[in-house]
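Let me begin by presenting the structure, written as structure tokens, before commenting on it.
In this text the structure is predicted, and so the values were computed from the model without any measurement.
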Amino acid sequence: MELNKFIGTKIKKFRESRNMTQDELAELLDTTRQSISRYENGERKANQDLLFELASIFKVSLDDFFPVRNLYDQTNIIRVTPENVVAIPVIGTIACGDPILADENIIGYRYHLKDRLPKGQTFYLTAKGDSMEPKIPDGSDVLIRMQDDVEDGEIAAVLVNGDSEATLKRVKKQGDIVMLVAENTNYAPYIITEHNPARILGKAVGVSFDL
């Protein structure tokens, strides 16, 4: 089931189990009944702030809105709550000239325990194609820590094609030459030049994908 529809179904279930009407929930959220209906039908994405409010209203935890995904430390199940998680945006198509985290670039969120994240601002970029396989499978979400440079040999999210396309590549530096190299040897290196520019967005620090 699509995530927006799954979350919408959970919102409706929690509302109805409390004998609450859409109008009553709308009043608590300072919105309209039509908006509540769109959230419950999966037609409108429930953002982080809304989910936090709903968790408080329904007296549930944030993870109750999502498919079961237990997070473990060495000995105990960690209960995910609005206080100990943060929503990391997943970036889709990059609009030329827009900031990387502009609302129109964000297609969803992944949720992390705050103390499990690297320092600095982070976002996810979805891998497209097989250029970084087998290390990064097609369709996986790669966690990026924002920084404008990386060390030789590190994997980075890089803007190319006039800042209109974000790609994942290993950065190779040889003297004054900087290349973007795919893990898949079927792809030729991308050599950064004045006429073939690129801009590093950040360093890849983790990868998530569904089996």
Side-chain angles (χ1 to χ4, degrees), residues 1-73 76-95 98-117 121-129 136-144 146 157 166 206-211:
M1 181 185 294
E2 183 185 349
L3 182 58
N4 287 346
K5 290 184 178 180
F6 184 93
I7 293 173
T9 299
K10 299 290 278 189
I11 293 172
K12 183 177 181 179
K13 176 183 176 181
F14 291 141
R15 176 181 61 77
E16 291 182 341
S17 69
R18 288 154 179 79
N19 296 317
M20 186 182 295
T21 67
Q22 288 184 338
D23 286 317
E24 289 170 335
L25 181 57
E27 184 175 354
L28 290 173
L29 293 171
D30 193 24
T31 186
T32 65
R33 182 184 60 79
Q34 289 79 10
S35 292
I36 298 300
S37 178
R38 291 182 64 196
Y39 285 127
E40 292 185 349
N41 291 332
E43 298 172 2
R44 185 173 182 179
K45 180 176 67 178
N47 63 27
Q48 176 187 1
D49 291 339
L50 176 68
L51 290 176
F52 282 173
E53 288 188 71
L54 288 169
S56 178
I57 290 170
F58 296 140
K59 306 296 189 223
V60 298
S61 67
L62 195 65
D63 60 328
D64 288 326
F65 291 100
F66 297 90
V68 175
R69 185 176 294 174
N70 290 333
L71 298 175
Y72 295 89
D73 62 14
N76 301 307
I77 296 177
I78 300 171
R79 185 64 170 172
V80 179
T81 68
E83 290 72 32
N84 67 3
V85 299
V86 60
I88 307 300
V90 181
I91 304 302
T93 302
I94 308 299
D98 279 353
I100 184 68
L101 296 180
D103 287 344
E104 50 267 39
N105 295 337
I106 297 173
I107 60 173
Y109 293 89
R110 277 186 174 268
Y111 293 83
H112 275 267
L113 292 167
K114 291 179 180 178
D115 61 1
R116 300 291 178 87
L117 283 171
Q121 191 168 16
T122 56
F123 65 92
Y124 271 102
L125 184 67
T126 301
K128 298 177 181 178
I136 301 177
D138 179 29
S140 57
D141 289 333
V142 181
L143 182 62
I144 305 295
M146 294 185 72
V207 60
S208 300
F209 52 88
D210 297 323
L211 295 176

When the ring planes of Phe65 and Phe58 are compared, do they come out parallel, tilted or perpendicular, using 30° and 60° as the limits?
tilted
Counting neighbours of [atom1] on [X] that are heavy atoms of other residues, nucleotides or ligands and sit closer than 6.0 Å, is the number greater than 12?
{"X": "Asp23", "atom1": "CG", "value": "yes"}
{"X": "Lys45", "atom1": "NZ", "value": "yes"}
{"X": "Glu16", "atom1": "CD", "value": "yes"}

May I ask you to decide if Phe14's main-chain N or O and Ser17's side chain share a donor-acceptor pair within less than 3.5 Å?
yes
Answer yes or no: is there a donor N or O on one side and an acceptor on the other, between the side chain of Thr9 and the main chain of Lys5, under 3.5 Å?
yes
For the CD1 atom of Ile36 and the OG1 atom of Thr21, what is their distance to the nearest 0.5 Å?
10.0 Å
Mind checking the CZ-NZ spacing from Arg18 to Lys13? Nearest 0.5 Å is all I need.
10.0 Å
Between [X] and [Y], which heavy-atom pair has the shortest distance, and what is it?
{"X": "Ala127", "Y": "Pro137", "result": "CB-O, 3.7 Å"}
{"X": "Pro89", "Y": "Ala87", "result": "CD-O, 3.8 Å"}
{"X": "Ile144", "Y": "Leu125", "result": "CG1-CB, 4.3 Å"}

List the steps, then state whether side-chain contact (heavy atoms from CB on, under 4.5 Å) holds for Leu143 with Val207.
CA-CA 6 Å; Leu143 182 62; Val207 60; over 6 Å; no
Applying side-chain contact (heavy atoms from CB on, under 4.5 Å), can you list everything that pairs with [X], at least two apart in sequence or on another chain?
{"X": "Glu43", "value": "Arg38, Asn41"}
{"X": "Leu28", "value": "Met20, Ile57"}
{"X": "Ser35", "value": "Thr31, Thr32, Tyr39, Arg44"}
{"X": "Asp138", "value": "Glu133"}

Taking only residues two or more places apart in sequence, or in another chain, which ones meet Thr126 in a side-chain hydrogen bond (donor to acceptor under 3.5 Å, both in side chains)?
Asp141
What residues form a side-chain hydrogen bond (donor to acceptor under 3.5 Å, both in side chains) with Gln22, not counting sequence neighbours?
Glu40
Please enumerate all residues that pass ring-ring contact (aromatic ring centres under 6.0 Å, His included) together with Phe123, with sequence neighbours excluded.
none
Those residues that, when tested against Tyr109, pass ring-ring contact (aromatic ring centres under 6.0 Å, His included) (two or more places apart)
none
Please examine the side chains of Ile7 and Leu51, heavy atoms only from C-beta on, and report whether any two atoms are closer than 4.5 Å.
yes
